[in-house]
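Just so it is clear, the model here is predicted, and its values are computed rather than measured. Sequence lines set the chain letters: A, B, ... in the order given, protein chains first and strands last, and positions in each chain run from 1.
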Amino acid sequence: MASHHPPRTTNHEPRTPWLVRWLGGEHLVLWLVVLSFVGLLPFTPDLASRENLANLLLTLLPLLVLACGQTVVLITGGIDLSACAIMAVASVVGGLAMNGDTGWLTGSPWAAPVGVLLMLAVGAGLGALNGLSVAVLRMPPFMVTLTTMMAGGGLAIWLIRSETIYNLPPAFNALGGRLALATLITVALAGGAHLLLSRTLLGRWLYAIGHNARMAHISGVPVAGVMLAAYVLSGLLAAAAAVLYTGQAETASPLLGQRLLLDVIAATVIGGTSLFGGRGKVLWTLGGVAFIKLLDNSLNLLNCSFFTITMVKGAVVLAAALLDATRCRLLEAEA
Amino acid sequence: MSALLQFEGITKRFGGVPVLRDITLTVEAGTTLGLVGENGAGKSTLMNILAGNLRSDAGRIFWDGRPFAPAGPAEAAAAGIAFVHQELNLFPNLTIAENLFLTRFPRWGRLPWIRRDALGTQTVRWLREVGLEATPETPVERLSAGERQLVEIARALSLEPRLIIFDEPTTSLSDRETRQFFELMSRLRARGLTMIYISHTLDDVLRLSDRVAVLRDGALVAHGPRADFDAARLVTLMVGRSLNQLYPTRACWEQSVPAPAVRPLLEVHGLTQPGVVRNVSFTLHASEVLGLFGLMGAGRSELARMLFGLEPFARGAVQVAGQPLQGNSPRRRLQHGVAFLTEDRREDGLALEASIADNLALVTLRRHARRGSGWLNRSALAEAVRSIRAAVRLTPTARDTAPARTLSGGNQQKVVLGKWLLAEPQVLILDEPTRGIDVGAKFEIYQLIHQRADAGAGVLLISSELEELIGLCDRILVMRRGELVDELRRPDFDRERILRAALHERTAA
Ligand SMILES: Nc1ncnc2c1ncn2[C@@H]1O[C@H](COP(=O)(O)OP(=O)(O)OP(=O)(O)O)[C@@H](O)[C@H]1O
Ligand SMILES: [Mg+2]
């Protein structure tokens, strides 16, 4: 039918204003990170010091790993409030197993690898619990993971009666404490998550479910299985983050990552991942995490109190949400 | 001369692609304008500009002689323009009354309390007008698609507008509802209401309009009094060439070609679900197009949903190619080679925010994934998308990465059809596959259906358009109140007999 149509002029995007193009661009947040870095530099020259950058990177890594898990779950239209609690449980279990004083694995040359596997198993198990409740019992993700968060937090404290566990195997501590190693692990995990989402069947299924679960079911997507996988993955990544954090601190503690949950969700959403599902990328999340961390770090260097930092962060998250809404409106008008 | 509405040089582009080109058109007060054009010709876009949902890039609108540029739908509504959209826009969780009066509940003076009594009586009045028998307190989610459409129309009427736009209002209405709706239109016309009527059923357009305007590729190619047009001329104007046939002919219908060997593909025995279907048994053969006719509520869609594992059945057995169906999920059905295009494309068929390519590929993704890792072969995937886009003749201006939402209604339907055809199913169940599709594209879709059957698949075709079934099928089953009541074979299709069977009288099968 089209053969008789007048030729179509397909001069794409003729005069899109640069501001709109920039605001609508995929890497807006990464640009913001660069801009704020340059903008903050005159006030806090320390920001660019080698030592500070290393420290910044070291604390950014576990947050990124956590946020990758959150991204996967948000894409399905769910949410994982329990990620940080899972991290705490994994940390404590790892500590109980590996510490040189009372650990079950004390003295064994396999203490570190077995300990790590045990931590991952805890993460996967708790994630599976979330996943089964959401996918099979069809409970709302918010309620399910809130419950897991509370129970997990309690469990972690109960397991070691509020003690902190020291004396972990040096091989284990190196995983999170040695910058090069921790970076390598994080890059592998985040890269894996990126490839999973963008290049694999499971990835496409995750997005399809987030867009329209009913349609996905009719189109032959094994919806329950994919949802389960999303929460297990989030649990696994939370456990991996626990390995990094615990190693970094050289102590296992139930308070690990207590204040992290909001950072994780804020970073993911600032990056551009939608709370309504169907939209999100690891690369965006990287931008969000970098932004939050940079903010934290520079405010710290400016000697702001914890409360000020929290308030400023809240304001910035609000601004980011506003920016996102504006950007959507602009794009809509341009479309 | 009393022009109520004038478009002057209206132009609109989406991302650089022109969608409306310099439209100049006048609508006289009290007349009905029929607006026709292919899928994606720009009909809905033009109406969206008038109703304040979109802004034009150039050109002006005069409303009642004065320049008019509504900033939003509320402003257009206040000016007296009501718009019954192509897609349903109701809140399913709210009641009929709440949907009708959402923006202007009757209240106690200026107090913020709703007058429930007034709400009820006013709603009843509008429901009576459109012929919908339901109480105002009924939640919209309990209504059928046709009844929801009637609620949309009632909502438009309740604004007491001066101009009302109907964008393909009859696609989800039953025969009876459609007739009632046409009666309503003539009542409204008698009252002097101005109307714009958009439809792909050209006979309806010719019957109901005073003037007709034809859009092609965003340009107004013809405009004049109804008497200047007939269906054939409209088609020629719309698609740019004449169509001498509405339905393609299958080679196997010619006497000289031997009929294909009869091989049962889908066998249904005594399917029963209390209150829905009763003792339904039939066989769909390879290379056969089997029509399923019935009035709305006869249980056709429900039967199809049961066959595809979306709804349970109490008794009965289903076999595909001699094997009993296992499990109860669409995924299992697909593994048996069964595909099902549902009637509700927005809820069941599309991810509106996902890209066109992702929508098209979803059903067949697994074929392009490596076993174990699930790693996708992206070039093969892109190739599959390219081929199916061409096969269903999706508008070439839309990019693969554009969200499905940005497609015109008919093109969205082509995406849903495309994703199922890509699976090359053995058994293809189609529930109203040509809803919202223009005449030219319909012919192409009919050809695709026949091609699938020629390739050995069995097609179960559900349609409310009897003509379509008679034009396409090898055999037609008639369903009434959950039971199969008649069966006819080409070339002995008898319109009268089919309608009688579907309505009431039981004829000897
Ligand atoms: N938001 C949008 N972004 C990009 N393109 C759009 C958008 N909305 C519509 N279009 C394009 O504009 C063209 C006209 O669409 P429109 O919906 O007006 O067609 P239509 O004549 O109503 O067709 P149909 O009969 O299928 O409903 C289509 O090619 C469509 O893809
Ligand atoms: Mg339209």
Honestly, the part of B:Phe443 sitting under 4.5 Å from a heavy atom of chain A is neither
### Query
How about B:Thr342 and A:Ile218: do any of their side-chain heavy atoms sit closer than 4.5 Å?
yes
Exercise for review: State, with a plain yes or no, whether a side-chain heavy atom of B:Trp375 is found less than 4.5 Å away from one of A:Leu201.
Suggested key: no
Within the 4.5 Å heavy-atom criterion, are B:Leu365 and A:Trp205 side-chain neighbours or not? yes
Can you find a pair of side-chain heavy atoms, one from B:Glu353 and one from A:Asn212, that are under 4.5 Å apart?
no
Per-residue tally against chain A (heavy atom, under 4.5 Å) across B:Arg378, B:Lys419, B:Arg332 peaks at B:Arg378
Residues A:His211 and B:Ala351: closest non-hydrogen pair is CB-CB, 3.5 Å
Margin query: Do B:Arg331 and A:Val221 make a side-chain contact, defined as non-hydrogen atoms from C-beta onward lying under 4.5 Å apart?
Written below: no
Taken to the nearest 0.5 Å, the spacing of B:Ser373 OG from A:Leu195 CG works out to 11.0 Å
Honestly, the part of B:Arg346 sitting under 4.5 Å from a heavy atom of chain A is backbone
*asked:* Is the shortest side-chain heavy-atom distance between A:His217 and B:Leu310 below 4.5 Å?
replied: yes
### Query
Under 4.5 Å between any side-chain heavy atoms of B:Leu381 and A:Arg204, yes or no?
yes
request  = Flag yes if more than 12 heavy atoms outside B:Arg55 fall under 6.0 Å of its CZ atom; otherwise flag no.
outcome  = yes
Cut-off 4.5 Å, heavy atoms of chain A, and the answer for B:Asp348 is both
- prompt: Taking it one step at a time, do B:Glu347 and A:Arg214 satisfy side-chain contact (heavy atoms from CB on, under 4.5 Å)?
  reply: CA-CA 7 Å; B:Glu347 297 284 320; A:Arg214 189 166 140 176; 4.0 Å; yes
Note: A:Ala216 and B:Leu362 closest approach over all heavy atoms is CA-CD2, 4.4 Å
